[in-house]
Amino acid sequence: MKIHEYQAKELFRNYAIPVPGSQIAFTADEAVKAAEDLKGPKYVVKAQIHAGGRGKGGGVKVVDSLDGVREAAGQILGMQLVTHQTGPEGKKVKSVLIEEASNIASEKYLSIILDRATADMVIMVSPDGGMDIEEVAEKTPERLLKVHVHPTVGIQPFQIRKVVKFLGIPKEGMKEAGKLIANLYKLNMELDCSMVEINPLVVTAENRVFALDGKINFDSNALYRHKDILAFRDTDEEDPLELEASKYDLNYIKLDGNVGCLVNGAGLAMGTMDIIKFYGAEPANFLDVGGGADAESIENAFRILLSDKNVEAVLINIFGGILRCDLLAEGVVAAAKKLDMKIPLVIRMKGTNVEKGKEILAGSDLEFAVAETMKEAAEKVANLVKQPVA
Ligand code: ADP
Ligand code: MG
């Protein structure tokens with residue numbers, strides 16, 4: 001789960017990570033009121049959306065008066081902000097963070113990410129902050145340092161010293177930077193984050209160290225033990241189909257292709273997506289209905305798949321274990337009728353009661369293409385979609 005910058009900064013404050021004074025506002029009037037409570041005369045008005053690159057897209061404006069705050073807030077609130085992370089349609093801005101402007105001497109990069117390959121935390125830093133870290137990694141990899149921290153050992157003082165030194169923090173700011181890094185690591189562990197990022201981490205002309213931006217992603221599987229963080233969820237920022245799927249405990253992720261996939265088990269779902277691509281088509285989604293799926297979850301899954309306008313054909317690939325193939329077949333027939341399905345469907349099933357399942361499909365007056373193997377199923381469905389999307 002993602003949260004907004006202003007929420008991340010609230011958490012930073014709880015962990016004594018220095019941030020400039022700021023307040024959230026939903027209207028231009030509120031923005032001016034917020035600024036009046038802050039230290040002026042320079043303020044920054046920042047669009048709150050779940051995407052980075054706001055500065056380049058016109059969603060971050062530095063102003064030097066209260067009138068400037070009103071004007072900038074008026075411009076940014078309600079705008080459809082397009083950044084390299086939003087896609088071409090952009091995101092509608094509902095709120096702005098009004099922040100005291102920092103007297104920036106230099107911008108650095110700092111993040112802590114869960115590294116699945118090494119099963120530990122990796123602290124990533126660069127003295128070249130404020131810009132795309134992907135670009136730094138590609139063009140000047142020597143300007144990026146990664147320090148692995150084992151979760152049972154925790155972050156060690158020598159690692160903090162190494163990171164602070166690499167960042168090129170001036171002597172006067174070293175202590176504050178060291179504390180900030182230790183506190184950020186604590187936050188990351190205690191709140192079950194999958195990533196925390198401060199870009200830019202700034203050193204001011206007065207040698208203070210501040211988190212000027214804040215991005216936090218949480219491990220959704222751990223959110224049950226962080227009710228206060230769950231309250232930060234902003235469903236307006238989520239994909240509507242993914243949101244709908246989450247209500248029924250379906251693991252659904254929307255993709256850009258045109259073959260809808262309904263599969264049980266994450267491994268089988270990934271294998272199915274791979275083989276669809278192998279035969280020249282593109283999956284429209286990842287969908288794992290889970291091992292214990294019943295007729296009702298099949299219907300919900302079906303409905304979500306079909307409401308994606310890009311879907312031109314559907315492939316159902318089910319291994320009948322807990323979910324018996326005859327029950328699946330009944331569920332599919334019922335759902336297809338109820339939803340008045342118009343697009344072609346390919347079904348491949350294996351496992352418990354598969355013969356009975358096939359009889360049910362054959363006995364219905366709906367048209368299905370049945371496949372024996374994954375290869376056959378993928379080939380069939382790839383031929384059904386007119387043009388694979390690029
Ligand atoms: P994004 O990463 O989405 O573009 P940031 O919060 O990183 O948004 O802001 C973009 C840039 O705006 C920063 O790199 C910094 O140069 C400037 N900026 C942001 N907040 C402040 C602030 N409080 N004071 C001065 N400059 C700021
Ligand atoms: Mg940033």
Side-chain angles (χ1 to χ4, degrees), residues 2-13 17-25 31 34-35 37-66 68-69 72-73 75-77 79-87 90-113 124-137 143-144 167-168 173 180 184 195-217 234 237:
K2 293 180 184 171
I3 60 172
H4 288 291
E5 175 197 5
Y6 79 93
Q7 297 164 327
K9 283 180 168 167
E10 237 176 273
L11 298 175
F12 285 174
R13 286 192 184 98
I17 293 164
V19 290
S22 64
Q23 261 187 50
I24 190 73
D37 289 343
L38 300 170
K39 208 162 71 221
K42 262 181 119 178
Y43 309 94
V44 187
V45 181
K46 310 179 78 177
Q48 298 298 292
I49 56 169
H50 283 189
R54 296 163 300 164
K56 277 189 196 149
V60 176
K61 288 200 160 73
V62 184
V63 297
D64 51 16
S65 67
L66 291 176
V69 168
Q75 281 167 5
I76 295 175
L77 282 166
M79 84 187 274
Q80 202 70 23
L81 181 54
V82 179
T83 81
H84 68 281
Q85 287 183 5
T86 59
K91 283 214 167 128
K92 195 179 169 99
V93 182
K94 294 180 303 177
S95 61
V96 283
L97 184 67
I98 312 302
E99 190 164 76
E100 291 168 4
S102 293
N103 198 0
I104 301 173
S106 61
E107 303 198 1
K108 323 277 185 194
Y109 176 90
L110 164 66
S111 67
I112 303 176
I113 296 170
M124 262 205 286
V125 284
S126 172
D128 305 325
M131 50 179 98
D132 273 350
I133 199 62
E134 289 84 359
E135 205 178 312
V136 176
R143 303 280 287 170
L144 191 67
L167 280 170
L180 185 151
L184 191 69
M195 110 117 157
V196 292
E197 184 187 68
I198 300 178
N199 187 26
L201 173 78
V202 299
V203 181
T204 66
E206 303 81 29
N207 285 320
R208 292 286 319 275
V209 180
F210 281 107
L212 235 58
D213 194 3
K215 177 176 171 179
I216 307 182
N217 294 351
D234 182 353
E237 294 281 331

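All ligand and atom numbering here is 1-based and tracks the order in the structure.
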Q.
For atom 23 (N) of ligand 1, what is the closest protein heavy atom, and at what distance to 0.1 Å?
A. Glu99 OE1, 2.8 Å
(Q) Under a 4.0 angstrom heavy-atom cut-off, which atoms of ligand 1 come close to Ala101? (A) 24 (N)
Q.
List ligand 1 atoms under 4.0 Å from Pro200, heavy atoms only on the residue side.
A. 7 (O), 13 (C), 14 (O)
(Q) Please check this pair: side chain of Arg54 against backbone of Ala47, looking for a donor-acceptor N/O pair closer than 3.5 Å. (A) yes
(Q) Within this structure, what is the OH-CG distance for the pair Tyr6 and Leu11, rounded to the nearest 0.5 Å? (A) 11.0 Å
Q. Considering distance alone, does some N or O of Asn199 sit under 3.5 Å from an N or O of ligand 1?
A. yes
Q) Given the protein's heavy atoms, is any one of them under 4.0 Å from atom 17 (C) of ligand 1? A) no
Q. Which distance, rounded to the nearest 0.5 Å, do you find between the CD of Glu107 and the CD1 of Ile198?
A. 13.0 Å
Q: Any atoms of ligand 1 less than 4.0 Å from a non-hydrogen atom of Arg54? List them with their elements.
A: 1 (P), 3 (O), 4 (O), 5 (P), 6 (O), 8 (O)
Q | Which of the ligand 1 atoms, numbered from 1, are nearer than 4.0 Å to a heavy atom of Gly52 | A | 3 (O)
Q) Between OG1 of Thr83 and NZ of Lys91, what distance do you get to the nearest 0.5 Å? A) 8.5 Å
Q. Roughly how far, to the nearest 0.5 Å, is the CE atom of Met124 from the OG atom of Ser111?
A. 4.0 Å
Q: Kindly say whether Ala51 contributes a backbone atom to a donor-acceptor pair with the side chain of Lys215 at under 3.5 angstrom?
A: no
Q. So is Val62 in contact with ligand 1, going by heavy-atom distances below 4.0 Å?
A. no
Q. Hey, is the Mg ion (ligand 2) within less than 2.8 Å of some N/O/S atom on Asp213?
A. yes
(Q) Under the criterion side-chain contact (heavy atoms from CB on, under 4.5 Å), I'd like the reasoning laid out for Leu110 against Leu180: C-alpha separation, chi angles, the key distance, then a yes or no. (A) CA-CA 10 Å; Leu110 164 66; Leu180 185 151; 3.7 Å; yes
Q) For Gly55, is at least one N or O under 3.5 Å away from an N or O on ligand 1? A) yes
Q | Rounded distance [0.5 Å steps], CD1 in Ile98 versus OG in Ser22 | A | 9.5 Å
Q: Have a look at ligand 1 and work out which part of Lys46, if any, has a heavy atom under 4.0 Å from it: side chain, backbone, both or neither.
A: side chain
Q) To the nearest 0.1 Å, how far is atom 22 (C) of ligand 1 from its closest protein heavy atom, and which atom is that? A) Val44 CG2, 3.4 Å
Q.
Could you work out, for atom 12 (O) of ligand 1, the closest of Ile49, Thr83, Val60 by heavy-atom distance?
A. Val60
Q: Without swapping roles, check the side chain of Gln7 against the backbone of His4 for a donor-acceptor pair under 3.5 Å.
A: yes
Q. Nearest protein heavy-atom contact for atom 5 (P) of ligand 1: which residue, which atom, what distance?
A. Asp213 OD2, 3.4 Å
(Q) side chain to side chain donor-acceptor pair (under 3.5 Å) for Asp234 and His50? Distances and angles first, verdict last. (A) CA-CA 9 Å; Asp234 182 353; His50 283 189; 5.0 Å; no
Q: Starting from atom 21 (C) of ligand 1, locate the nearest protein heavy atom and write down its residue, its atom name and how far away it is, to 0.1 Å.
A: Leu212 CD2, 3.3 Å
Q.
For ligand 1, which is the ligand I care about here, please tell me if Gly53 has any N or O atom under 3.5 Å from one of the ligand's N or O atoms.
A. yes
Q: Might you confirm whether atom NZ of Lys42 has over 12 heavy atoms from other residues, nucleotides or ligands at distances under 6.0 Å?
A: no
Q: Measure the distance from atom 26 (N) of ligand 1 to every protein heavy atom, then report the residue, atom name and distance (to 0.1 Å) of the closest one.
A: Ile104 CD1, 3.5 Å
Q: State if Glu100 counts as touching ligand 1 under the rule of any non-hydrogen atom under 4.0 Å.
A: yes
Q) To which protein heavy atom is atom 25 (C) of ligand 1 closest, and what is the distance rounded to 0.1 Å? A) Ser102 N, 3.5 Å
Q) About how many Å separate CD1 of Ile3 and CD1 of Ile216, when rounded to the nearest 0.5 Å? A) 4.5 Å
Q: If you have a sec, work out which protein heavy atom is nearest atom 15 (C) of ligand 1 and how many Å separate them, to one decimal?
A: Glu107 OE2, 3.4 Å
